[in-house]
Q: 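This is the structure, below, for whatever I ask next.
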Amino acid sequence: MIVPLTHVLILAGILFALGVLCVLVWRSNVIMLLIGIEIMLNAAMLVFVGGARHWGTADGQVFALMIMAMTSAEVSLALALVVHLHRKRDTVNVDALTTGSRPGAPEPSAGPLEEGPEA
Amino acid sequence: MEAYLFYLLAAVTVIGTVLAITEKHPVHAIVYLVSSFFSLAAIFFLLAAPLIAMFEVIIYAGAVMVLFMFVIMMLDVGRSGDGLRPGLRQWLPAMLLAGVILALLGMMLAHGGWPAPGAGAAATLRDFSLTLFRQHGVAIEIISLQLLFAVVGALYFGKRRGP
Amino acid sequence: MTASDLRIVLPLLLLAGGALLALLSGGITRTERASYLVAYPATLGAALWALIAPSPAAASTVGLASDGLARLFTVFFCLMAATVLALSRTYNSERGLRGEEYPATILFTTFGMTALASATTLLSLFLGLEAMTFGLYILVGSDLGHAGSVETGLKYLLIGAFSAACMVFGIALIYCFCGTLVIGQAVQATLLPGAGSSLAMAGWSFMLIGIAFKLSLVPAHLWTPDVYEGAPAPVAGFLSGGSKGAAVLFLLRLLPAAGDAGLLRLPLWWLALLSMLTGNLAALRENRVRRLLAYSSIAHMGYVAVALVAGAAGGYQAAAYYAVAYGIISLAAFGAIAVLERTGCGATVESYRGVGSTHAFPAAVLTLALFALVGIPPTAGFTGKWLIFTAAIRAGELPLAVMGILATALSLYYYLRIVASLYFSPVAARQQPLLAPVERIALGCLAVLIIVLGAWPSPLLDLFSRCFNR
Amino acid sequence: MIYDPLDIALMLAKIALVFFVILTLAAYLVFAERKVLAWIQDRKGPNRVGPFGLLQPLADLIKLLTKEDFRPIGADKWLFYLAPAMAAIPAIMIFAVIPFGAPLRLFGHTVQLQVADLHVGLLLFVALSSLAVYGVALGGWASNSKYALLGSIRGLAQLLSYELSMGLSLVPVVMLARSFRLSDIVAAQAGCWFIVYQPLAFMIFLISIAAECKRIPFDLPEAEGELVAGFHTEYSGMRFGLFFVGEYLNIIALGGLAATFFLGGWHGPLLPPVVCFSVKVLAFAFLFIWIRGTLPRLRYDQLMHFGWKILTPLALLNILVTAWWLVLRG
C-alpha cells in the first residue's frame with residue numbers, strides 16, 4: 001500500500017466533516033444540502049476503497065460502486081422534486097417549504113427560463 | 001513518488017471541497033467540487049481501484065454534478081442576489097459541530113486498535129467482477145430496481161398535468 | 001444461481017416482477033385498475049411462498065438466506081403491503097391521486113423490505129433499507145394535489161439521504177476494521193466486548209446515528225411529524241408500520257450476532273430514554289391527530305430501543321414482537337384515519353368529534369388501535385409492552401423499565417383524548433362515506449389481528465425465540 | 001519505480017507526434033469541411049489563399065489571433081476564460097488511449113503506438129467525454145446571455161442523454177473483447193471486425209457520437225437559426241477558435257475510437273497499420289461532413305425522444321441479446 005491506511009482514513013474523516021459542515025450550514029438550500037450529502041458519501045467511498053486495498057479484497061470496491069448508483073438515484077429524484085416544487089412555488093429554500101411561503105423569503109424572479117426548453 | 005502524489009491529491013481534494021462549501025454561488029461550488037472529485041478519482045486510482053476511479057469521474061463528475069448544474073441553470077438559482085447565503089450565525093455552530101466530529105474521529109484514530117495487517121496484493125479487475133457477480137448478485141438486482149424507480153419517480157413528478 | 005437459490009429469491013422475484021408488470025400494465029391500459037390487480041397476487045403470492053415453502057439449506061451465492069426471522073418478516077411485510085394497497089384504492093381515487101406508479105412503488109418498497117429481511121451481508125442489508133426508503137420518498141410525495149405532500153417528500157428524502165450517508169460511513173469504517181461484509185463475522189469482530197477498537201466503535205456510532213434517523217429516535221426525530229402529516233394516510237401507515245419495522249429488523253439482524261448490544265448498550269439506553277420522554281411529552285401538547293400519532297411513534301420506538309438494550313434476556317424477541325404488533329396497530333390507526341378523513345375529518349382532534357356514532361366501524365377500529373397503543377389488555381400493544389418491560393427488568397435495567405411504564409401512563413391522557421372526542425361529543429352532520437368492501441375486510445382483519453396477537457402471543461413468540469436462541 | 005530514460009524519451013516523442021498530427025489534421029479538417037460542403041452544394045469553396053486555397057487554415061488562424069478578445073458585461077470572468085479550454089482538453093486527452101498502429105520494433109524495444117495503454121482505457125474515454133459537457137455548460141452560463149444560456153442548457157441535456165446510449169452501445173464491445181483495454185479490443189478484432197457481430201451497436205454508437213460532437217442533425221446547442229450561435233455566441237477570437245478546434249479534435253478522436261471499437265483499429269488489408277487506421281479516421285470525418293451537407297436539423301423534443309425512447313432501449317436490448325448469444329455459444 002502506498003500510504004498508511006491511517007492517512008487515507010484521516011483524509012476521509014476530513015471530507016466527511018466538511019460534508020456535515022456543508023449540510024449544517026446550507027440547511028436551507030436544497031442544492032447545497034445535497035452537495036454536502038454527496039461529499040459525505042464520497043468520504044465513505046474513500047474509506048471503502050482504502051479498506052479494500054488494505055485487505056486485498058474487492059468487497060469494498062463493490063460497495064463503493066453501489067453507493068454511487070444509489071446516490072445517483074437519490075439525486076435524480078431529489079432534483080425532480082425540486083423542479084416540481086419550483087414550478088409550483090418558485091423557491092429552493094427548504095424553510096419556505098413546510099409552512100407555505102414564508103413572508104420574508106427571497107423570491108427569485110421568474111426568468112425567461114421558467115418554461116425550460118426540455119419540455 | 002506515489003505517496004507524494006497521494007498527499008498532493010489529498011490537498012487538492014480538501015481545498016476544492018472547502019472552496020466548494022464556502023462559495024456563495026452554486027455554479028462555482030460545482031466547479032470546485034468537480035475538481036475535488038477529479039482528484040479523489042485519481043486517489044482511487046492510486047489505491048488500486050481503477051474501475052471506481054473511472055466511475056467516480058463518469059457518474060459523479062460527469063452525470064450527478066452535470067444534473068445539478070442543469071437544474072441550477074434551468075431554475076436560475078443564485079442569480080437573484082445572495083438572500084440564501086448563510087451568515088456567520090449559521091457558520092459558527094456548524095463549524096463547532098463539524099469540529100467536534102473531526103476531533104472525535106481524530107481521537108479514535110489516534111487511539112489505535114488497528115486492523116490486522118492485510119494482504120499485500122490488491123484486488124484486480126477480475127477479482128472485482130467475480131466478487132460483484134458471484135457474491136453480491138442480489139445487490140445488483142436491488143440497485144437496478146432502485147434506479148428504475150428513480151426514473152419512475154422522476155417521470156411522475158416531472159410530468160406536466162393539465163392546468 | 002442454483003435451484004435452492006431460486007427458492008430463496010422467489011419472494012423477491014415475485015415482488016420485483018409484480019412491480020414491473022404493474023408499471024407495464026398501467027402504461028398499456030391507462031388505468032390503475034390493472035396495476036392493482038397485478039399487485040395483490042404479487043404480494044400475497046410472495047407471502048404465501050415464504051409461509052409454506054420448504055426451507056432450503058442456507059447455502060447461497062447471492063447474499064441472501066432464508067432463516068425463520070427472514071421468512072416471518074417477509075410474510076409480515078408482504079401482507080402489510082397488501083393491506084396498504086387495499087386501504088389506498090378508494091382513498092387515492094377520492095384525493096385525485098392517480099397513476100400506476102403508486103401500486104408499483106408499493107411493491108418496490110416491499111421488495112426493499114424483503115431484501116433487508118433476508119440479507120446476509122452488510123451490502124444487501126444496507127441496500128434493502130435504502131431501496132425501501134427510496135420507495136417511501138416517492139410514496140410520501142405522491143399526492144401532487146395536496147399542498148404539503150411533495151414538500152414533505154423532499155424533506156424526507158433529504159433527511160433520509162443524510163442518514164444514509166452517516167450509516168454508510170459507519171459501515172465503511174467497520175469494513176475497514178474487519179475486512180468483511182458478512183454480517184455475522186463483521187459484528188463478532190467489532191461488537192463483542194473484547195474485540196472492539198476505537199475505529200470499529202466510531203463505525204458503530206455512525207451507524208447508530210443513521211439508524212436513529214430511520215427509527216426517528218430522539219434527537220433524530222424532527223422530521224417525523226411533518227412527514228406523517230404530509231403523506232397520504234395509507235402511506236403514513238406503511239411508513240409508520242413497515243419502515244419502522246424494517247429499521248428494527250435492521251438492528252435485529254446485526255445485534256444478536258454478538259449476543260448482546262455490547263458496546264452499543266449505553267448509547268441505546270440514552271436514545272431509548274430520550275425518545276420515550278420526548279415523544280410522550282410532545283404528544284401531550286399536540287392537537288393534530290397525525291402529528292400526535294407521529295410523536296407517539298417516536299415514543300414507541302423508544303420502547304423498542306428499551307427492548308434492544310435488554311438484548312439477550314428476551315429483549316430481541318420482545319423487539320421483534322413489538323415491531324410486528326406496532327406495525328399492525330399503526331396500520332389500523334392510519335387505515336381508520338384514511339377512511340375518516342374522507343368523511344371530512346380535518347387535522348385536529350376536535351374535527352373527529354362525534355364520529356363514533358356516525359361512522360361506527362372505522363371509529364371502533366381507531367379506538368381499538370388507540371387502546372392498543374396505550375397498552376390496554378388484551379391487545380397486542382399490552383402484550384408487547386409487557387414483554388419489553390419484563391425483559392428490561394430481567395436484564396437489570398430497572399430504571400429504564402420504570403421510566404417506560406411512567407411514560408406509558410402519561411400517554412393514556414392523549415390517546416384517550418382522541419377516543420373521548422370520538423364518542424363523547426355532540427354529533428355534527430357528516431357525509432356518509434362509501435366504505436369499499438376491501439377496506440372493510442382490511443380494517444376488520446387488522447382489528448382481529450390486534451386482539452388475537454395480544455391474547456394468544458405464544459405461537460409467534462415461540463417462533464421468535466427459536467430464531468434468536470440458536 | 002525506476003524509469004528507463006529511453007522509455008521517457010519515446011513517450012515524449014509519441015506525445016509530441018500525436019499533438020502535431022492531430023492539431024494539423026484538425027486545422028485541415030476545417031478546410032476540408034468547407035471544400036466538401038462547397039462541392040456538395042456545387043460551388044468552389046475557399047480557393048484564394050495559396051494553391052487551391054490550401055493555406056486557408058493559416059489565414060484563419062492569423063485572423064482569429066488578431067481579433068479583439070472581449071468579454072460581455074456581467075460575464076463570470078474566470079469561467080468565461082476557462083470554458084473553451086475545458087471543451088478542448090478532454091478531446092485532446094482522449095488520444096492518449098487510442099492505439100494508432102501495430103507495435104513497432106525500435107532500438108530493441110517494442111514500442112506501442114499508443115501513448116498510454118490503460119487497462120481501463122474504454123472507461124477513460126467515457127469519463128473524458130462526459131467531462132466535455134462542462135465546456136459547453138460553463139461557457140454558455142458564464143457569458144451572461146440569454147441565447148448562450150439556452151444553448152448550454154440544451155447542450156447539457158443533449159450530451160447527458162446521448163452519453164447514456166453511447167456508453168451502452170460500447171458494453172457489447174467489452175463483452176466480446178473481454179477487456180476494457182483498447183489494445184486488447186483491437187487484438188480481439190484481428191480475425192473479424194466487431195461491426196460484423198454488432199451492426200446495431202455500431203449504428204447506435206455512430207448516432208450517439210454525432211450527438212456528442214454536436215454536429216448536424218444534432219447541433220441544437222448552437223443552432224444558428226434559433227439561438228444565434230448557442231453556447232459560444234459571446235465568444236470571439238482565439239477563445240472561439242478553441243471551441244471550434246475542440247469540435248474538430250472531437251471528430252477525429254471519435255472517428256479513431258469508432259475505428260478502434262468496431263472497425264478493427266489498425267487491422268486492415270494490404271496497407272501498413274498506421275495508414276489503415278488513418279484511412280478509417282478520415283472516412284469517418286468525411287462521413288460527418290457528408291451528413292452535415294445533406295441532413296436537416298432535428299427539432300429539440302424529437303432529439304430527446306429519439307435518444308431516450310429509441311436509442312437507449314435499443315442499446316439495452318442489444319446488450320441483452322449479446323449476453324444470451326455469448327452464453328449460448330459458451
Side-chain angles (χ1 to χ4, degrees), chain A residues 2-3 6 8-11 13-15 17-18 20-22 24-26 28-29 31-32 34-36 38-39 42 45-46 49-50 52-59 61-62 64-66 68-73 75-77 79-84 86 92-93 106 108-109 111 113 116 119, chain B residues 2-3 6 10 13-14 17-18 21 26 29 33 37 40 44 46-49 51-52 55 59-60 63-64 67-68 71-72 74-77 80-81 83-84 86 90-91 94-95 97-98 101-102 105-106 109 115 118-119 121-123 127-128 131-132 136 139 143 146-147 150 153-154 157-158:
Chain A
I2 53 164
V3 285
T6 332
V8 178
L9 289 181
I10 290 172
L11 175 62
I14 293 173
L15 280 182
L18 284 175
V20 174
L21 181 68
C22 184
L24 293 176
V25 168
W26 291 93
S28 61
N29 182 331
I31 306 253
M32 289 304 286
L34 280 170
I35 284 177
E38 298 305 304
I39 297 171
N42 267 280
M45 278 165 51
L46 181 59
V49 169
R53 178 68 190 85
H54 177 82
W55 291 101
T57 56
D59 286 320
Q61 294 186 23
V62 170
L65 191 69
M66 294 295 159
M68 269 189 241
M70 183 202 83
T71 176
S72 53
V75 165
S76 54
L77 186 64
L79 292 180
L81 286 168
V82 169
V83 171
H84 178 88
H86 186 87
V92 285
N93 191 333
S109 58
L113 299 167
Chain B
E2 271 97 346
F6 173 84
T13 310
V14 171
T17 312
V18 169
I21 66 178
L33 208 61
F37 285 165
L40 194 62
F44 289 162
L46 288 181
L47 290 173
L51 207 69
I52 304 300
F55 278 115
I59 296 181
Y60 266 108
V64 172
L67 204 59
F68 273 114
V71 170
I72 290 171
M74 200 173 86
L75 305 186
D76 208 19
V77 180
S80 54
L84 299 176
Q90 275 124 322
W91 273 106
M95 277 176 75
L97 196 64
I101 291 177
L102 198 58
L105 265 177
L109 289 180
D127 292 340
F128 176 87
T131 312
L132 178 62
H136 300 290
I143 211 73
Q146 180 167 350
L147 285 169
F157 291 111

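Below, chain A is the first sequence line, B the second, and so on; all start at residue 1.
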Q: Is A/Ala52 in contact with chain B via its backbone, its side chain, both, or neither, using a 4.5 Å heavy-atom distance?
A: neither
Q: Identify which part of B/Leu40 has an atom lying under 4.5 Å from any heavy atom of chain A, answering side chain, backbone, both or neither.
A: side chain
Q: Could you list the residues that satisfy side chain to side chain contact (heavy atoms under 4.5 Å, CB included) with B/Thr131, not counting sequence neighbours?
A: A/Ala58, A/Asp59, A/Val62, B/Gln135, B/His136
Q: What part of A/Ile14 lies closer than 4.5 angstrom to a heavy atom of chain B: side chain, backbone, both or neither?
A: both
Q: With sequence neighbours excluded, tell me which residues meet side chain to side chain contact (heavy atoms under 4.5 Å, CB included) with B/Ala150.
A: A/Ala73, A/Ser76, C/Phe134
Q: Could you measure the distance from the SG atom of A/Cys22 to the CG atom of A/Asn29? Nearest 0.5 Å is fine.
A: 9.0 Å
Q: Any side-chain heavy-atom pair from A/Leu65 and B/Phe128 closer than 4.5 angstrom?
A: yes
Q: Are the side chain of A/Gln61 and the backbone of B/Ala48 linked by a donor-acceptor contact shorter than 3.5 Å?
A: yes
Q: Who wins among A/Val75, A/Val20, A/Leu79 for the most heavy-atom pairs under 4.5 Å with chain B?
A: A/Leu79
Q: Quick check on the interface: out of B/Leu46, B/Val18, B/Leu102, B/Ile52, who has the most heavy-atom pairs with chain A under 4.5 Å?
A: B/Ile52
Q: Which one wins on heavy-atom pair count under 4.5 Å against chain A: B/Ile101, B/Leu132, B/Asp127, B/Leu51?
A: B/Leu132
Q: Answer with side chain, backbone, both or neither: which region of A/Met66 has an atom nearer than 4.5 Å to a non-hydrogen atom of chain B?
A: both
Q: What part of B/Tyr60 lies closer than 4.5 angstrom to a heavy atom of chain A: side chain, backbone, both or neither?
A: side chain
Q: Taking the side chain as everything from C-beta on, heavy atoms only, tell me whether B/Ile21 gets closer than 4.5 Å to A/Ile39.
A: yes
Q: Go through the atoms of A/Leu77 and report whether side chain, backbone, both or neither lie under 4.5 Å from a heavy atom of chain B.
A: side chain
Q: Tell me, side chain or backbone of B/Ala154 under 4.5 Å from chain A's heavy atoms, or both, or neither?
A: both
Q: Quick check: do B/Phe6 and A/Leu11 have side-chain heavy atoms less than 4.5 Å from each other?
A: yes
Q: Heavy atoms, side chains only, cut-off 4.5 Å: are B/Phe55 and A/Met45 in contact?
A: no
Q: Counting heavy-atom pairs under 4.5 Å with chain B, which one of A/Val49, A/Leu34, A/Leu81 comes out on top?
A: A/Val49
